Amino acid sequence: MIIATWNINGVKARLESALAYLRQHSPDVVCLQEIKSVDEGFPTSAFQDLGYNVATLGQKGFNGVALLSKSPLEDVTRGLPGDELDQHARWIEASVALGDRMVRIVSLYLPNGNPIGTEKFAYKLAWMKRMQARAAALLEDEMPLVLAGDFNVIPESEDAKRPQAWVNDALFQPESRAAWRSLVNLGFTDATRACHPGPGVYTFWDYQAGAFQKDDGIRIDHMLLSSQAADLLRSSGIDRDTRAQEKPSDHVPVWIKLDS
DNA sequence: ATGGTTGCAAAGCAA
């Protein structure tokens, strides 16, 4: 089973690219972020035509997450628990059959948090605290669990081409990185790092200043696997070539292959 | 380099 995650930066602007990716790679499950669409505006039928079931948590103008799956999406839940007042569309969960059992999959879009020193950064840290609680609760089910999405966290210096350029950015603050480590230390495996150690492994390149041409990237799109899921991990990858295509997202797909 | 680029949606915000 192949599970991919991709911040597509607008599903309407990226529909043809997304459909081409699905036709080429045929992932079983896809976690999308930044769909930038309300549910009614999501091109559900275009994905259904390729054989996918669709679940969305949309929002007008920005944010928004979705799950696509060839097999049915069961027990879909929308929203990150812990703050009834939080209206941002950043979290959707579903269970999908994997062989003779089920895997729980989350598509998440963690707040950017810039600029630091503002309520936006406080919101990011509060959101991560809520994520920690939800992840711990999900782990108690002892079902294979995959947290996939745009975490907006650069975990280590080697996850950036120019780490010094990010020291004042919310993505690389000590508090952001500490919250990431606490999450990982619940027992998750960083799937990309398990398969691809070392520098030069990036998932995002800014649109500005020719960042991609200079390979001035960062690794912020992650797939965290519970121990039950990590036991099934066969391989993972990053599809950088999508960043070189016409009208690309600034993020590229990250994927894992699990034994079923 | 106090700019630079893109999406949404129709001016300015978010990233």
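From a predicted model like this one, the values you see are computed outputs, not experimental measurements. All chains are named by letter (A, B, ...) in the order of the sequence lines, taking the proteins before the strands, and each is independently numbered beginning at 1.
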Which whole-number value in Å describes the distance from A:Q213 CD to B:dT5 P? 12 Å
Reckon A:R243 touches a base, only the sugar-phosphate, or nothing at all at heavy-atom distances under 4.0 Å? nothing
Taking the same atom, P, in B:dG3 and in B:dG7, what whole-Å distance lies between them? 23 Å
If the C1' atom of B:dT6 is compared with that of B:dA11, how far apart are they to the nearest Å? 16 Å
Assign each of A:Y109 and A:Q208 to its nearest nucleotide of DNA chain B by heavy atoms, then name whichever residue's nucleotide is nearer the 5' end. A:Q208
Starting at atom CG of A:N9, determine the distance to atom C1' of B:dG7, rounded to an integer number of angstrom. 6 Å
Counting just side-chain N and O atoms, does A:K120 come under 4.0 Å of either OP1 or OP2 of B:dA14? yes
The test is side chain to side chain donor-acceptor pair (under 3.5 Å); show your working for A:T5 and A:Q33 and say whether it passes. CA-CA 8 Å; A:T5 180; A:Q33 301 87 38; 2.9 Å; yes
Give a yes or no on whether a salt bridge exists between A:D215 and A:R240, defined as a side-chain N under 4.0 angstrom from a carboxylate O. yes
Expressed as a whole number of angstroms, how long is the span from A:E34:CD to B:dG7:P? 11 Å
Using whole Å, what does the distance between atom C1' of nucleotide B:dG4 and atom CG of A:D250 come to? 14 Å
Is there a side-chain contact between A:W205 and A:H251, using heavy atoms and a 4.5 Å cut-off? no
Interatomic distance, A:N63 CG vs B:dA9 C1' [rounded to whole Å]: 16 Å
Could you please name the option among B:dA15, B:dT5, B:dA9 that lies closest to any side-chain atom of A:K12? B:dA9
Whole-Å C1' distance, B:dA9 and B:dG4: 22 Å
Tell me whether the side-chain N/O atoms of A:K36 come closer than 4.0 Å to OP1 or OP2 in B:dA15. no
With side chain to side chain donor-acceptor pair (under 3.5 Å) as the criterion, how do A:T56 and A:D39 come out once you've worked through the C-alpha distance, each side chain's angles and the decisive distance to 0.1 Å? CA-CA 6 Å; A:T56 62; A:D39 294 331; 2.7 Å; yes
Along DNA chain B (nearest heavy atom to each residue), the more 5'-positioned of A:N114 and A:Q59: A:Q59
